[in-house]
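Beneath this line is the structure, given in structure tokens, with notes to follow.
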2 protein chains.
Amino acid sequence: MSVTPKAAGRHHHGALRRALLDAVAEVVLEAGPEAVTLRECARRAGVSHSAATPHFGDKRGLLTAFATEGSERLRAAMQAAVAALPPTADAQTRLAATGRGYIAFARANPGHFRLLFRADLLDPDEPAFRAAKEAAFVPLAHAMAALAPGAPARAMRARLALAWSAVHGFCTLRAELPGAILWQSDALAEEVAEDLLALVAEACAG
Amino acid sequence: MSVTPKAAGRHHHGALRRALLDAVAEVVLEAGPEAVTLRECARRAGVSHSAATPHFGDKRGLLTAFATEGSERLRAAMQAAVAALPPTADAQTRLAATGRGYIAFARANPGHFRLLFRADLLDPDEPAFRAAKEAAFVPLAHAMAALAPGAPARAMRARLALAWSAVHGFCTLRAELPGAILWQSDALAEEVAEDLLALVAEACAG
DNA sequence: CCTCCAATCTGACCAATGGTCAGATTACTG
DNA sequence: CAGTAATCTGACCATTGGTCAGATTGGAGG
């Protein structure tokens, strides 16, 4: 377990914050965001459940802090996928790669991903979380702007909505409807994902 | 309130089932699926919270029954949107209309819609729910088959994934990220939705 | 009309949770 | 070394979902 319980009788100094976030990560990994319990996280950090209050306020604050880290990692995944491309790649390929990074993050971290869109568990107006969400939109906006530089605002909105919706919808459906026809096996899901990205990129270039 | 509390001392006969489902509908409407409480629903039906057990088993059973009704209504919304078309409408228009029905249902019943994809609150293997989910996929499959009758299986899978993902992703993002840039106002959201449907239908026809 | 039985419902109990608060403990500052 | 602010504890509370014995109800059969 990655969580460091504190030594008996000692304070965590500034480290309780990190220890609690790591505990959330563990629980989310093991049982999903719904299963996160203030008391269980505190237990794993070796601390009473009230100890979280000074650091995060309440459960929602803790989950929001964790979601903020997820948003940053999601952004990093998209950037990494684009960076993995040869420098000669064209705009359409870059847009597809951005989506590939999004899908890869959702696949590798299903619980963390699902939490990002659980408005009931989060505080959508917490400044750091807000900033992380806006930052996570940047790679898509960037790739799209490079694809269709002169498109009118309305067409641009529609394409952004299409690309984001299609990729996000794919991740959500795969995460929430396991066993659906379109992604029975992992291999099939990967194939469908690639074809989907190609269709989206083509439609946005179109 | 649409819920009929039972008369004091009398049994609900077979009507408790319906009364509880109506109570769920109320709570979901007022505060979303996460806020549903067995005890609150029982309170609204004028019954102790244990009274639900013989009818639904547990909370998950109650929510699954409610979600089953939602799935059926979602299917009806898609069919209605297609039926509202002039009989001369072509296959591409019919596919877009199917998506329009999906979006309309999600918009009109955000809580009910979100519940459908909350695997943690539902029993995905409950037979009636399974059947309703499969039935809800039919209108999309039907419209897609009419659009591209001879397409190879792989291309068909990709197009189904695109259409479903894009429409579902749009609904999900709008429901879970209120206040995002792409759907600030209702009018803007409607415009984006129509453009999105057109792009999807075109990509699936192409 | 009466009896009996199965379905239905109640009320109490339990463990668990999130939030709050007074106060103890710790770590740092001057 | 003294004092102060941050950190943490332990207890308490209301609420929840699940379980169970037993009361109540409605209808089936005599």
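Please read these numbers as outputs of a predicted model, since none were measured by experiment.
- Contact check of residues 56-67 of chain B against DNA chain D (heavy atom, cut-off under 4.0 Å) returns B:D58, B:K59.
- Residue pairs meeting the side-chain hydrogen bond (donor to acceptor under 3.5 Å, both in side chains) criterion with at least one member in residues 171-183 of chain B, sequence neighbours excluded: B:H168-B:T172.
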### Query
Does the side-chain contact (heavy atoms from CB on, under 4.5 Å) test come out yes or no for A:L197 and A:V167, once each step is laid out?
CA-CA 8 Å; A:L197 290 171; A:V167 168; 3.9 Å; yes
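- If you measure from atom CG of B:L121 to atom P of D:dT16, you get 16 Å, rounded to the nearest angstrom.
- B:R154 has a carboxylate O that lies under 4.0 Å from a charged side-chain N of A:D195, or vice versa, which qualifies the two as a salt bridge.
- Using a cut-off of 4.0 Å between Lys/Arg side-chain N and Asp/Glu carboxylate O, B:D22 and B:R44 are scored as not salt-bridged.
- Following rounding to the nearest Å, B:R39 (CZ) and C:dG11 (P) show an atom-to-atom distance of 12 Å.
- Between A:E40 atom CD and C:dT17 atom C1' there is a gap of 12 Å when expressed in whole angstrom units.
- For the OP1/OP2 pair of C:dC9 and a distance below 4.0 Å, the side-chain nitrogens and oxygens of B:H55 include at least one atom meeting the criterion.
- Rounding to whole angstrom units, CG of residue A:L20 and C1' of D:dT7 are separated by 12 Å.
- Following rounding to the nearest Å, A:L38 (CG) and C:dT20 (C1') show an atom-to-atom distance of 13 Å.
- Taking atom NE2 of A:H49 as the reference point, atom P of D:dC8 lies 14 Å away to the nearest angstrom.
- A donor-acceptor contact under 3.5 Å links the side chain of B:S50 to the base of C:dG11.
- For the ring pair (Phe, Tyr, Trp, His ring centres under 6.0 Å) condition, the pairs that include at least one residue of residues 119-144 of chain B, sequence neighbours left out, are B:F137-B:W164.
- Note on A:R43 versus A:E40: salt bridge recorded, some NZ/NE/NH1/NH2 to OD/OE distance being below 4.0 Å.
- One can place CZ of B:R43 at 14 Å from P of C:dG11, the figure rounded to the nearest angstrom.
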